[in-house]
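Notes follow once the structure below has been shown.
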Amino acid sequence: MKKLIESLLRQALSALPVSRVPPDARPAEVDVERTRDAAHGDFASNLAMRLAKTTRQNPRALAEALIDALPGHPAVAKTEVAGAGFINFFLKDTAYYDEVARILADSGQYGRSDQGGGRSVLLEFVSANPTGPLHVGHGRHAAYGATLGNLLEAVGYRVTREYYVNDAGRQMEILAVSTWLRYLERCGETLEFPANGYRGDYIATIAGQLHEAVGGELRRAAAEVFSGLPADEPRGGDKDAYIDALIARARALIGTDAFRRVLSVALDDILRDIQQDLGEFGVRFDRWFSERSLEDDGSVDRALAALEKAGHAYRRDGALWFKSSAFGDEKDRVMVRDNGVKTYFASDIAYIFNKLARGFDHLLYVWGADHHGYIARLRAGLVALGGPAGCFEVRLVQFVSLYRGGEKAQMSTRSGEFVTLRDLRREVGNDAARLFYVMRSNDQHLDFDLELATSRSNENPVFYIQYAHARVASVMRQMQGRGLEHDGRQGLARLGLLVEPQEVALMKRLSQYPETVEQAALQRAPHLLVHYLRDLANDFHTNYSAHQLLVDDPALRDARLTLSLAAQTVIRNGLGILGVSAPESM
RNA sequence: GCCCCGGUAGCUCAGUGGAUAGAGCGAAUGCCUCCUAAGCGUUAGGUCGCAGGUUCGAUUCCUGCCCGGGGCACCA
């Protein structure tokens, strides 16, 4: 509907003589917005005021000229010049009736568009290290990324969802050694757990499975394991040096193959858990991309070689550096350490190289806010490899705090006492979790109120929105219980009977849905859709309270039910994008 | 020190180069012989952090400052 007004204005603009508005003064896009005040009509444009600036003409006179040039359209009742030069558009009610008809005809497709023109987007999100279960922060990434993917698809992009599995590198070795130590405890050894190890209970569980599988085969005496190692942090040593020595010792005692096996057992178990968790949460990925595969198939080496060949890499102090400062980063970055070990940055370069090679039009990353310093260097890598900087986009998600009854719930990652995503889902349910996670702007720290998420009142947007949907279903059941039928064609034909202000307000709100989806997708802002649905539910409940739907007059009843079914359709579509269910009863 | 995010009603947060800045909660208060009261209505509540600048017009854009959170590794 907004598009219609924009197109009319564009036609009017191109109809103005060049002498009046030179071509280079004409904006590529005309801005049309919904009015806040009904006295200003339904839509307004500041086009004349913008032209007035560039052409140094009177804005009101320009507005008059534009209105004169405006082609007539059956949906437009009236246009006027107002204020400093606004052009206000008043629509006929029939325009909204047509929109209701479109909603019911398009049904599940209503609100979708081909704005994206089928361009391909690689959306990478979550990508949490497989060193433990997902916690509530990852949950926000999952909900945000999944909703973003749905939004982009709704406006015509081809979206590939990918989870980058960091299954290589030192963190994996720490995971393996942590598992092995718990296994030794299970075998009966007594030991002091390293400060830098993974301490969560899940490690002991995995160690138990390992013990069942291999018995005492990998058991070594604790004295043998720990003799001659440097001091750990609690004893005044360096925890990193200590755990590295411990890893080397483990390798030496049980052999590289067995160490690898322990690593695989732990990794497979944790990854399976993550996949199951996200699956239950309704978050699906097209591909789980293994970091290790990039190393195994030589991609990392090739990417490093490509950078060296292009003259963007150099050696210093025994390390291989990427000259990222030449591409806007604040300083150069190490890719291969002086001990020959590649940094994670090396594989991330290889990964982005891989993404480019797969021919995506756009690379969209969702990262935690703590990774913002990483944006410049990865973009630098992309550009150095010959990729277009414009296709690279990162959206940062701020942190999540849990509140329970006004008290902040504590989380800490290494202690193993964090609140997992699974715990959260069990407590508040998937629907509430999905919606609460995307209710706030991703730029905003999120205070997740556990009590609110489970409360059954209109302050809880989940129940409030779902209830509006269920209420329509309930009325339809009620109608059938009375032996009545709904005549949809009659309803559409008699929408003119809907003259109550609450009914008109509901129709106007419904017509905003396609704009809202588009805006939310293009701004990467799912929270706009949540707010819209809340407002829509409010309009529905208001109308429901003000006017009986199941009235005796069949024509009026059909019209009202038709409008209600349209509202139900839009709510269902919107909740679908959010990954929230639309129940028939509550 | 540098970089990112935030500062809008008592609280949690939307919003925008335009016309009188919004919602929910909380507070006060009204509505069930009637389709789900898991609902609806009414009232009160604001120096859009502060100071400059650009503009016909700034809460919105720019600069500086203040406050809160985060980041500045040959860790992931």
Side-chain angles (χ1 to χ4, degrees), chain A residues 31 33 35-37 39-40 44 46 49-50 52-53 59 82-86 88 127-129 131 166 168-172 174 196 240 291 316-321 330-331 333-348 368-376 394 396-399 401 403 406 439-447 449 452 455-464 466-468 470-479 481-482 502 525 527-528 530-532 534-535 537-538 540-551 557 560-561 564 585-586:
Chain A
D31 286 332
E33 57 183 28
T35 57
R36 263 200 291 275
D37 187 337
H40 300 136
N46 63 356
M49 289 183 285
R50 287 175 56 194
K53 184 175 241 163
F86 290 101
N88 291 339
S127 298
N129 284 347
T131 53
N166 292 100
R170 186 160 165 270
Q171 296 304 319
M172 282 296 104
I174 297 176
N196 215 13
D240 285 308
E291 178 187 6
R316 194 180 75 201
D317 303 334
L320 182 68
W321 296 70
E330 59 184 16
K331 60 180 189 179
R333 307 291 172 176
V334 169
M335 296 188 293
V336 184
R337 287 189 266 167
D338 57 5
N339 63 6
V341 178
K342 289 162 191 143
T343 64
Y344 68 107
F345 181 57
S347 45
D348 282 352
D370 55 336
H371 279 62
H372 99 267
Y374 198 65
I375 296 173
V394 179
L396 298 178
V397 175
Q398 297 289 330
F399 294 160
S401 303
Y403 284 83
M439 187 165 66
R440 304 290 179 228
S441 160
N442 56 296
D443 283 337
Q444 189 81 235
H445 287 240
L446 175 66
D447 289 335
D449 187 332
L452 178 60
S455 79
R456 315 181 129 227
S457 69
N458 69 350
E459 67 185 290
N460 182 346
V462 184
F463 283 90
Y464 188 81
Q466 288 182 323
Y467 182 37
R471 252 186 165 170
V472 178
S474 170
V475 170
M476 297 307 281
R477 284 192 298 270
Q478 196 79 24
M479 178 197 70
R482 294 187 197 173
Q502 295 87 350
H527 71 277
L528 296 179
V530 178
H531 285 270
Y532 169 81
R534 217 249 156 232
D535 290 341
N538 183 30
F540 173 80
H541 288 308
T542 298
N543 183 46
Y544 179 94
S545 300
H547 308 292
Q548 190 84 11
L549 299 179
L550 297 177
V551 290
R557 186 177 66 229
R560 286 182 170 173
L561 289 176
S564 299
S585 67
M586 300 186 69

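In what follows, every chain begins at residue 1, and chains take the letters A, B, ... in the order their sequences are listed. These numbers come from a predicted model, not from an experiment.
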Touch class at under 4.0 angstrom, heavy-atom based, for A:Q548 against every strand present: base
Which nucleotide in B:G41, B:G71, B:C13 has an atom nearest any side-chain atom of A:H372: B:G71
A:S441 vs B:G6: side-chain N/O to OP1/OP2 distance below 4.0 Å: no
Sugar-phosphate only, base, or nothing, as touched by A:S474 at under 4.0 Å among non-hydrogen atoms: base
Sugar-phosphate, base or nothing in reach of A:Q466, heavy atoms under 4.0 Å: nothing
Side-chain donor-acceptor contact under 3.5 Å, A:D31 with A:N46: no
Nucleotide B:C75, atom C1' - distance to CG of A:N166 in whole Å: 12 Å
Touch class at under 4.0 angstrom, heavy-atom based, for A:H371 against every strand present: base
Sugar-phosphate, base or nothing in reach of A:N46, heavy atoms under 4.0 Å: base
Whole angstrom value for the distance that separates P of B:G70 from CG of A:D370: 11 Å
Contact under 4.0 Å: A:Y464 side-chain N or O vs B:C25 OP1/OP2: no
hbond_proxy A:N88 side chain to B:A19 base (donor-acceptor, 3.5 Å cutoff): yes
P spacing across the pair B:C75 / B:C5, given as an integer number of angstrom: 28 Å
Distance, P atom - from B:G64 to B:U8, rounded to whole angstrom: 22 Å
Whole-angstrom distance between B:A27 and B:G53, as gauged at atom C1': 41 Å
Side-chain N,O (A:R36) to OP1/OP2 (B:G15) below 4.0 Å: no
Whole angstrom value for the distance that separates P of B:G69 from CG of A:L396: 19 Å
Touch class at under 4.0 angstrom, heavy-atom based, for A:M49 against every strand present: base
Side chain A:H541 and base B:C40 donor-acceptor under 3.5 Å: no
Rounded distance in Å - CG (A:L452) to P (B:C11): 17 Å
Nucleotide B:G39, atom C1' - distance to CZ of A:F463 in whole Å: 15 Å
B:C35 phosphate, OP1 or OP2, under 4.0 Å from A:R471 side-chain N/O: no
Touch class at under 4.0 angstrom, heavy-atom based, for A:Y374 against every strand present: nothing
Anti/syn call for B:C72, syn if |chi| within 90°: anti
Separation between the P atoms of B:C3 and B:A9, rounded to whole Å: 28 Å
Sugar-phosphate, base or nothing in reach of A:A44, heavy atoms under 4.0 Å: base
Touch class at under 4.0 angstrom, heavy-atom based, for A:D37 against every strand present: base
Short side-chain N/O contact from A:Q444 to OP1 or OP2 of B:U12, under 4.0 Å: no
Rounded distance in Å - CH2 (A:W321) to P (B:A73): 11 Å
Sugar-phosphate, base or nothing in reach of A:D317, heavy atoms under 4.0 Å: base
Minimum-distance nucleotide to A:L550 side chain [options: B:C40, B:C75, B:C35]: B:C35
Nucleotide B:G24, atom P - distance to NE2 of A:H531 in whole Å: 12 Å
Aromatic plane relationship, A:F540 with A:Y544 - under 30° parallel, 30 to 60° tilted, over 60° perpendicular: tilted
Pair A:H541, A:R471: side-chain N/O donor-acceptor within cut-off below 3.5 Å: yes
